[in-house]
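So that the names make sense, note that chain A is the first sequence line, chain B the second, and so on, each numbered from 1.
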2 protein chains.
Amino acid sequence: MKINQVLKALSHPIRREVIAKLRDGPQSAGALAANFGVSKPTMSTHFAALKEAGLITAERDGVTIYYHLNVTVAEEALSAVMGILGAGEKKRGVTKTKGKGAPA
Amino acid sequence: MKINQVLKALSHPIRREVIAKLRDGPQSAGALAANFGVSKPTMSTHFAALKEAGLITAERDGVTIYYHLNVTVAEEALSAVMGILGAGEKKRGVTKTKGKGAPA
DNA sequence: CGTCTAATTAGAGATTTTTCTAATTATCGT
DNA sequence: ACGATAATTAGAAAAATCTCTAATTAGACG
């Protein structure tokens, strides 16, 4: 899981909404696309970004493609974000140096 | 807290590293900038993005500016990401319709 | 095979992001 | 006031992102 790809994927509202919808179960590309005011090719690009990030997987059934949320990657991503944001841990105070030998 | 700004802020490796460093306590702009292979003005831009997102705050002490992690916003952001990624909840199965009256 | 549906890839334009150098602002100390 | 230090703003170039329309691929079915 590449955290950079995952966070870039999460940095667009449409892609976040897609993930939210897929939490209720797999859905076809077309059904997903119907929820947003952009063209289908644009949605394809967003699906591709999510797929690249590993957050979703595609499954073809006949002519229809169903996207599934990859729960494992979603959980890994969440852990990673916890690691970055600190998950509520407290740390030591300022190391302020007021006098002459000032810090950078 | 605007989740879009926060996630965009998190979508750059340098900005994530800055947050990580600030978890150990406030640091000056210059001290932070010293850790990355980019110019100081570039770092200023990154600080501005983090500040816009509310993830850090600035405090001037003489000629030096100290950045602090905004723990509250960091925690809110984490909650928001949990909401998006689902925080490990399980949901119902596929609603696959194989026959004629196919879904979109 | 021809045609219809579902979705993607191709190509291009507009906007945003990232980064740089140069100039400016703000503060301190003499 | 002057000069040094810390950091930002200004302006511009390069790269990435987002979106569109048109064309293509893939499969189903009569």
Undergrad: Where along residues 41-50 of chain B does a heavy atom come under 4.0 Å from DNA chain C, residue by residue in number order?
TA: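 Contacting residues: B:P41, B:T42, B:T45, B:H46.
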Undergrad: Write down the atom of B:N4, the atom of A:S11, and the distance for their closest heavy-atom approach.
TA: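 Of all heavy-atom pairs spanning B:N4 and A:S11, the closest is OD1-O, 3.5 Å.
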Undergrad: Can you tell me how far C1' of C:dA26 sits from CD of B:E59, to the nearest Å?
TA: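 The answer, rounded to whole Å, is 16 Å.
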Undergrad: Closest heavy-atom contact between A:Q5 and A:A53?
TA: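 So the two residues come closest at O-CB, 3.8 Å.
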Undergrad: In whole angstrom, what separates A:I65's CD1 from C:dA7's C1'?
TA: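 Roughly 6 Å, once rounded to whole Å.
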Undergrad: With sequence neighbours left out, what residues match A:N35 under side chain to side chain donor-acceptor pair (under 3.5 Å)?
TA: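 Partners of A:N35 under the side chain to side chain donor-acceptor pair (under 3.5 Å) test: none.
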Undergrad: Which distance, rounded to the nearest 0.5 Å, do you find between the CG of B:L55 and the CG of B:L22?
TA: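 One gets 10.0 Å once the value is rounded to the nearest 0.5 Å.
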Undergrad: In this structure, how many angstroms lie between the P atom of D:dT8 and the CG atom of B:L32, rounded?
TA: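 In whole Å, D:dT8 P and B:L32 CG are 10 Å from each other.
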Undergrad: What nucleotide, of C:dT5, C:dA7, D:dA7, holds the atom closest to the side chain of A:V63?
TA: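 Ranking C:dT5, C:dA7, D:dA7 by closest atom to the A:V63 side chain puts C:dT5 first.
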Undergrad: Identify the two heavy atoms, one from A:A33 and one from A:F47, that lie closest to each other, and give their separation to 0.1 Å.
TA: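 Closest approach of A:A33 to A:F47, heavy atoms only: N-CZ, 4.4 Å.
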Undergrad: Send over the distance from B:F36 CZ to D:dA7 C1', rounded to a whole Å.
TA: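 Distance check: B:F36 CZ to D:dA7 C1' gives 17 Å.
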Undergrad: Within this structure, what is the CG-to-P distance between B:D61 and C:dA26, rounded to whole angstrom?
TA: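 Those two atoms, CG and P, are 17 Å apart.
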Undergrad: Please work out which residues in residues 3-15 of chain A have a non-hydrogen atom less than 4.0 Å from an atom of DNA chain C and list them by number.
TA: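 Of all residues in residues 3-15 of chain A, none places a heavy atom under 4.0 Å from DNA chain C.
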Undergrad: First locate atom CD1 of A:I56, then atom CG of A:L32, and finally report the distance between them rounded to the nearest 0.5 Å.
TA: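 Reported value, rounded in 0.5 Å steps: 8.0 Å.
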Undergrad: For C:dT19, take OP1 and OP2 only and decide whether either is under 4.0 Å from a side-chain N or O of B:S39.
TA: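 B:S39 to C:dT19 OP1/OP2: no side-chain N or O under 4.0 Å.
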Undergrad: Let me confirm one number: the CD-CG distance from A:E76 to A:N70, rounded to the nearest 0.5 Å.
TA: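 These two atoms lie 8.0 Å from each other.
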Undergrad: Within this structure, what is the NZ-to-P distance between B:K40 and D:dA7, rounded to whole angstrom?
TA: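 Rounded to the whole Å, the gap is 5 Å.
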Undergrad: May I ask you to verify if any side-chain N or O of A:Y67 is less than 4.0 angstrom from the OP1 or OP2 atom of C:dT8?
TA: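 So the side chain of A:Y67 is within the cut-off, an N or O lying under 4.0 Å from OP1 or OP2 of C:dT8.
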Undergrad: To the nearest angstrom, how far is B:E52 atom CD from C:dT17 atom C1'?
TA: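 From B:E52 CD to C:dT17 C1': 14 Å.
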Undergrad: What I want to check is whether the side chains of A:T42 and A:T45 have a donor and an acceptor closer together than 3.5 Å.
TA: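 Per modelled atom types, A:T42 and A:T45 side chains form no pair under 3.5 Å.
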Undergrad: From the options C:dT8, C:dT19, D:dA7, select the nucleotide whose nearest atom is closest to the side chain of A:A29.
TA: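 Selected nucleotide: C:dT8.
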Undergrad: Just verifying a value: how many Å separate B:M1 CE and B:T72 OG1, rounded to the nearest 0.5 Å?
TA: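 B:M1 atom CE to B:T72 atom OG1 measures 11.5 Å (nearest 0.5 Å).
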